[in-house]
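In what follows, a single structure is set out as structure tokens and then discussed.
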There are 2 protein chains.
Amino acid sequence: MKSRDPITRLVNAFRKLPGIGERTATRLTFFVLHESEELSQELAQALIEVKEQVGLCDRCCNLTDGTQCSICADTRRDGSVICVVERTQDLRAIERTGDFRGHYHVLHGLISPLDGIGPDDIHLRELILRLQQGSEDQQMVEEVIVATSPSVDGEATALYLQRLLQPMAIKVSRIASGVPIGGDLEYTDRVTLARALAQRHEM
Amino acid sequence: MKSRDPITRLVNAFRKLPGIGERTATRLTFFVLHESEELSQELAQALIEVKEQVGLCDRCCNLTDGTQCSICADTRRDGSVICVVERTQDLRAIERTGDFRGHYHVLHGLISPLDGIGPDDIHLRELILRLQQGSEDQQMVEEVIVATSPSVDGEATALYLQRLLQPMAIKVSRIASGVPIGGDLEYTDRVTLARALAQRHEM
């Protein structure tokens, strides 16, 4: 039900955002009311434009306001490695490390049998096409790094990808799991610690 | 500087809201990106409409989308008592108690000599006019309750109001300060406790 009162309408709209309850929504609404009209105009315009202009990159399914994202368009990047991630946020997290100069593929989801999400429900087909085609402007892909999170669905997706890519003679690797840097063994959960032990490497 | 990228633009716009840092702004942006267009349209429209439609009540300076707020328009309310508050949020807090059936006056600020805010910078003039005029549709005002917060500026404003209204033969009262209900004496600050002792009343 839409409220007649514009203040209540804005409070209700803010409340639909994640992590924003009635108190915060009210605080934000009164902030907007007391600030300049410019601020609310800017936010309103950004909200509309982000939905109008942002779509998926033709090649890697990253979010972009063009047909191809800035990473795919960057010729200095290494086209022989593709890092597969669940979400654009994960891509941005890896970019922030500054340690990866290859390309990406964003699945926008994970295979989750329990939730009824199968391989056709995420952007896997685009990845396969990309690996099969190998058009002239693209380097041959030599390695696919599966950087989905080490959760049940993330592992299931990684396993599916590994089996799928096996016949294509492409190296498939998985990001390491273990105790986080600066983490405390005492407070590391059992499963992570077991994984860290199992995946130990010679020094 | 305005970013060319619509995602960064929305992140930056969210960051201008209070209590929203880069992480939350990014989370909200990706939420908006993945949700339906309806959600972002609704929020954008509410943001624009709230600035277009909401103004001050002609009589009490409460925020309203008409010329008079719903409290002033309510003939069942007691016009002989006016509760003076700093902000609309304070009015709403008092309304939530359900214990006050009089009228309000919203100052939209407090006198603050340190910040260079004097009596003419807040909506005090409207209150004086209101008390002096006493038009036919309004009851004679018998009491003004000063419900500004018990801070330095709130007390200064209360004192100013008391002196201002003294010659008008209107009773001026101040909300009580003391230990909050459910509060613990051990953890109550010194000033509040001293006030609670000084303003003790016979049982």
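Throughout, protein chains are lettered first and strands after them, A, B, ... in sequence-line order, and every chain is numbered starting at 1.
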Checklist entry - Taking C-beta and beyond as the side chain, do B:F14 and A:L47 meet within less than 4.5 Å on heavy atoms? => result yes
Checklist entry - Does the distance from a Lys or Arg side-chain N to an Asp or Glu carboxylate O, for B:R9 and A:E42, drop under 4.0 Å? => result no
Next on the checklist: Whether the side chain of A:K51 engages the backbone of B:E35 through a donor-acceptor N/O pair (distance < 3.5 Å, no angle test) should be reported.
Outcome noted: yes
Checklist outcome for this item: One option among A:R27, A:Q41, A:R87 has the most heavy-atom pairs under 4.5 Å with chain B, and it is A:R27
Item to check | Reference residue A:V50; test side-chain contact (heavy atoms from CB on, under 4.5 Å); the match among B:D5, B:I7, B:T8 | outcome: B:I7
Next on the checklist: With a 4.5 Å cut-off on side-chain heavy atoms, are B:R92 and A:F30 touching?
Outcome noted: yes
Checklist entry - What part of B:L17 gets closer than 4.5 Å to chain A, counting heavy atoms only: side chain, backbone, both or neither? => result both
Checklist entry - Between B:Q89, B:E52, B:H34, B:Q53, which has the largest tally of heavy atom pairs under 4.5 Å with chain A? => result B:Q89
Item to check | Residue pair B:A46 / A:A13: nearest heavy atoms and the distance that separates them | outcome: CB-CB, 4.3 Å
Item to check | B:L33 and A:T88, any side-chain heavy atoms less than 4.5 Å apart | outcome: no
Next on the checklist: So A:S40 and B:I48, do their side chains get closer than 4.5 Å, heavy atoms only?
Outcome noted: no
Item to check | Per-residue contact mode, A:L39 against chain B (heavy atom under 4.5 angstrom) | outcome: side chain
Checklist entry - Any idea which of B:L28, B:T29, B:T26 has the most non-hydrogen atom pairs under 4.5 angstrom with chain A? => result B:L28
